[in-house]
Peer 1: 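Quick one: structure below, then a few questions.
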Amino acid sequence: MFSTIAVPSNQTKPHRRDISAVPESEILRRRNEELEKELKKSIEREEKMKQELQKTWERLRVAEEAEERLCSQLGELEAEAVDQARTYRTRVIHLMDQLSLAQKLLESASITVPSDCRGNGV
């Protein structure tokens, strides 16, 4: 059998700061300060996001109101266009009736209208 010899080491652990030198209350106080700073930053970010959301909400409201006004104006323009088209159609039909009557009167009076004057609108 082999015999084992134990040699004590001068260095039991790697060199590092002794934790017990800083009181636990100091560690907790520092951690608490860090958490308070993080909380303050978080609250500031939240407030900034609320303000940004409020601005976006206001822009959306303005855009919706503008859309409603534009739709209303478009509806009014469409109604006006239909009214003008009806008026124009009525006027064209009236002029066609007058032209037809004038042509019948000319035919009944035995007056012939040259064909080049009929089709040219002259």
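Quantities reported herein were computed from a predicted structural model and do not represent experimental measurements.
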Peer 1: Which donor-acceptor pairs under 3.5 Å do side chains of residues 36-57 form with protein atoms, sequence neighbours excluded?
Peer 2:
| from | atom 1 | to | atom 2 | distance (Å) |
| --- | --- | --- | --- | --- |
| Thr56 | OG1 | Glu52 | O | 2.9 |
| Thr56 | OG1 | Arg59 | NH2 | 3.3 |

Peer 1: Short question: side chain of Thr87, backbone of Asp83 - any donor-acceptor pair under 3.5 Å?
Peer 2: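 Present.
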Peer 1: Working to the nearest 0.5 angstrom, can you tell me the gap between Arg29 CZ and Glu34 CD?
Peer 2: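 If I round to the nearest 0.5 Å, the distance is 10.5 Å.
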Peer 1: Rounded to the nearest 0.5 Å, what separation is found between the CZ atom of Arg30 and the OG atom of Ser25?
Peer 2: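 Between atom CZ of Arg30 and atom OG of Ser25 there are 10.0 Å.
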Peer 1: Give every residue pair that meets the salt bridge (Lys or Arg N to Asp or Glu O under 4.0 Å) criterion with at least one member in residues 63-74, sequence neighbours excluded.
Peer 2: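 The answer is Arg61-Glu65.
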Peer 1: State plainly whether one hydrophobic cluster holds both Leu70 and Val62, where clusters connect Ile, Leu, Val, Met, Phe, Trp and Tyr through side-chain heavy atoms under 4.5 angstrom apart.
Peer 2: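 No.
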Peer 1: Rounded to the nearest 0.5 Å, what separates atom CD1 in Ile93 from atom CZ in Arg91?
Peer 2: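 Between atom CD1 of Ile93 and atom CZ of Arg91 there are 12.5 Å.
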Peer 1: Rounded to the nearest 0.5 Å, how far apart are CD1 of Ile27 and CG of Asn32?
Peer 2: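 CG of Asn32 is found 13.5 Å from CD1 of Ile27.
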